[in-house]
Structures are given as structure tokens and as C-alpha cells.
Amino acid sequence: MGDISNYFEGVTTVFRNKDLLQIDHVPDNERLIIGRESQLNALATGLQPAVEGQKPNNVLIYGKTGTGKSLCSKFMARQLVSAASENDVSVGVAYVDCFQDSTESQVIRSLGSTINDQEVTDETFPASGVSTSECYKRAWRVMDDLYDVVVVVLDELDKMDDPNSALMNLSRAAEAEKIQSCKLGIIGISNKPRFKDRLNERARSSLCQRDFVFPPYDANQIEKILEARDGAFKDDVLEPGVIPRAAALAAREHGDARKAIDILRTAGEMAQEEQADTVREGHVDAAQVQTERDHLIEVLAEQPPHSRYVLKSVALLDQQMDDRAVKSSDVNQLYRQICTEQYSSDPLSWRRVRDLLHELEFLEIIERKRKGAGRGEGGYMETHLLDAPEIVIDACDAIESDGR
DNA sequence: AATCCACTGGAAACCTAGGGCC
DNA sequence: GGCCCTAGGTTTCCAGTGGATT
């Protein structure tokens, strides 16, 4: 081995175990989960029967982003698997993010392929080419073949196009004798408390056997959460004010622990980049701006290019109109102009632009209100950006230049 | 309270690309 | 090879809507 490693020498690192600050990191000790004792207990009670190989209760969980819903569900599912295996009960857990897999067909495919073991069952779950009902049948066979109990975690359930049909099919699997020996339990996770209203009678009664709420964390709890993960850093790297500062910033926005952890990790990365020995409060403030931009870029990068052109038009109008409302038809006008002049591509139809605006609203990047302008003037939609226009424009441009 | 209009958003249909099964 | 499936992006058509003005 020659001296190929020079690149890594002499770079001081502030991290000891950065994994602790990844958002999907699930602690292996419940003492590291702060302030969620009653929720963990409720979850455990719901899942309890599965330890004996019985059917677990279906559970519905509400709570805003970053309140520990996914974390607790994953943690408890893992506990369940090991507790059950001591009784010789084999439990399968399928975690499905309905934001990514938003149609019934995608959900069942994703579910199937996570619990599947092709070597044993000889089943496959191709992304296309097989009907949805065939995928269900394959999933039932996999469950019967491999497991005594299967727990399906449906995260971001409110982001599903039509949750009813999938929920009905899953919850009624046993009654309809689709699966013979295997028991199936569902944990549904939703950001919106009103989600229940979108469900029909059957889906609601089966899913909502038990439901409970994850309240937002307060600044104190967020501080403890961050402290619980300070092993991510080397000793004495964090200056005293850092954690309280990060906690305060995150608590200001509806107690989002995920955001707090993001900010802390980014602050560390920034300190490291400038080869500082310690992470200071200044890094935290800079990290907050950075994470906001990063988040925007992450979301926008997955959108079709024209969605970004539309958003950019909104941002430009928002910027130049001071506090006058932005009308969708104005957005369309500017969008058409930007398309031909800046990106030299054919603008999409007016109808499609309205759809893109609708999607941007759904992604919580813009906010809209319907207005009527009066006799002979028609009605229109008032659009507002949720972030500063400069950040939005910057993020759009960053993706464009990054894209190739 | 009736009117009026541009805008809104649902529905249907089209197209392309990707793929499985017999 | 023919027939079946799904997905994503788009267009076309159109009934419905809000609220200031009459």
C-alpha cells in the first residue's frame, strides 16, 4: 500500500459517529427516545398479540413532521421482531413510504418486495407488466409461506392518491380468506389529523381500532434529543451554546426534531469544512439557512423541469409585486415567456400549468387561496410563496446548472 | 338578489416507454 | 410475437365558482 491516503490525512474531523445524526437512524435503546413513553406504550399494546402469533391491532398515528412517528414505529417493529422470535414466531415488517409510492399498485409492490425472499418463494414483484390484483395474490402467498405475522407500516399515508382501496384490501385480507395462516397488522401514519375524513366507513373502522397523537416536541425535549445524540461528535467539540441554539431554532417551527438534527449535522459539516476545531453558534445559524435551501433543492430536483419554471415565475412575480397578490394567469404569462426566452422549450398548456401549481401547493412550497374578482372579472387563485423568493429562485437555478 | 366572467379543477382520453406472460 | 399490464406526462372539453357590481 503506497501513500494513496494523503487526501485524508491532516483533515481534522469533528465527528466521531456521524450515523447518529442521519434522519433515518433508529436508536437501539429506548432511553434514547425522548418524551414518547406513552406513545411507545400505546404502540406496544397494539402490537402485543403478535408476540404470541396472534393478529396485532391496526393502529393509526397522527402528528406533524419530526414528532417521532416513524422513529417510534420502526423502533417498536424491531422490538417486536426480536420478542416474537423468542417464541418461535416469525414476524415480517414492511415499511412503505406512501409519499414515494403513492398509488395502490406501487404500495403493494413495494410491500411485497420488502417482505419477499425470492430464493424461497420464487415470487417477483416487477414494477410493471403485472396487474395490481396479481401482485396482491403474490403478496398473500409470500406472507403465508414466510411469516406467522406481518406488520405493514404505511408512512405518510395521507399522501396516497386513494388510500381507501389499499387499506380495505389489506385489512380485509384475512376475512376474505386471501391469506390462510399469516396474520396481518397495519400501522398507518399520517401528518394530517383530518385524514380520517378521507376514509370510507370500512377503511376507517378497520384502521382506527386504536389511534393516537404524537404532539410536537418543546424546546426542552429537542435539547434532550440532541444531547442524546452528541456521541456523533468527538468530546468537547460542541461549544456550550450550540445545542440550545439548534433546539431553539427548530422549536420555533412546530417542534420538528428532524429539522433540529438536520441543523446540528449541517453545522458540524460546516465547521469541518472550514477546519474548525469546534462547532460554534455561528455555524448553527448558517446551517439553518443551508438546510432550508437544501430541503428545497431536494424536493424540487424530483419535480419535472417545467414545474420549476412555473415556480420560478411565481417567485419572480412575488418579488416584483411587493405585497400585491400573484394571480395564476399572470404566472402563466411569465412562465410562457421564460420558457421560450430562457429555456427555449415549448411551454405547456394552461391546464397543465394549473396542475403544476396544484402540486407545488401540495408540496408545501406555495400556498393558494381562491378569490372572486367581481362582476365581469371572474374568479382567480391567489398564490403565495412559503419561503423567501430569493431562496426559491436560487434553488431553481442551482438545479438547472447542476443538472448537466 | 341577480348577474357575469375569467378562472378553476374534474374527467376522459392520448401518447410514450417499459415490461411480463404464454 | 401478440396480448396484456402500469406509469407519467400531457391535452381537450366543460360544468362549476366567487363575489364585486348592477
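Chain identifiers are assigned alphabetically (A, B, ...) following the order of the sequence lines, protein sequences preceding nucleic acid strands; residue numbering begins at 1 within each chain.
If you find the closest nucleotide of DNA chain B to A:G376 and to A:E382, the one lying nearer the 5' end belongs to A:G376.
Under a 3.5 Å cut-off, the side chain of A:R308 and the backbone N or O of A:L300 do form a donor-acceptor pair. Listed for the A:R138 side chain is a donor-acceptor partner under 3.5 Å among the backbone atoms of A:T124. Side chain of A:Q39 to backbone of A:V213: a donor-acceptor contact under 3.5 angstrom is found.
Side-chain contact check for A:M381 versus A:K327: every heavy-atom pair is 4.5 Å or farther apart.
Between A:D148 and A:K183 there is no salt bridge, since no side-chain N of the basic residue sits under 4.0 Å from a carboxylate O of the acidic one. Electrostatic pairing of A:K259 and A:D262 does not count as a salt bridge here, judged by no charged N lying under 4.0 Å from a carboxylate O. Between A:K312 and A:D397, at least one side-chain nitrogen of the basic residue sits less than 4.0 Å from a carboxylate oxygen of the acidic one, meeting the salt-bridge criterion. For the pair A:R229 and A:E223, the salt-bridge criterion is not met [side-chain N within less than 4.0 Å of a carboxylate O].
Ring geometry for A:Y343 against A:Y309 counts as parallel: the plane angle stays under 30°, on a 0 to 90° scale with 60° as the upper cut.
Using a 4.0 Å cutoff on non-hydrogen atoms, the parts of residues 361-374 of chain A near DNA chain B are A:R368, A:R370, ordered by number.
We find that CZ of A:F125 is positioned 17 Å from C1' of B:dG19, with the value rounded to whole Å. Rounded to whole angstrom, the span from the CG atom of A:D122 across to the P atom of B:dC21 amounts to 11 Å. We find that CD of A:E359 is positioned 16 Å from P of B:dT8, with the value rounded to whole Å.
Geometrically, A:R354 engages A:W350 in a cation-pi contact defined by less than 6.0 Å to the ring centre and at most 45° from the axis.
Ring to ring, A:Y62 and A:F214 are not that close: their centroids are 6.0 angstrom or more apart.
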Nucleotide by nucleotide, 5' to 3', does protein get under 4.0 Å of the base (B), only the sugar-phosphate (S), or neither (-) in nucleotides 6-15 of chain C, counting heavy atoms? SSS-BBBB--

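For B:dT3, the base has a donor-acceptor partner in the side chain of A:R375 [N/O atoms by modelled type, under 3.5 angstrom].
Within the helix from B:dA1-C:dT22 to B:dC22-C:dG1, the inter-axis angle between the opening and closing five-pair segments is 20°, rounded to 10°.
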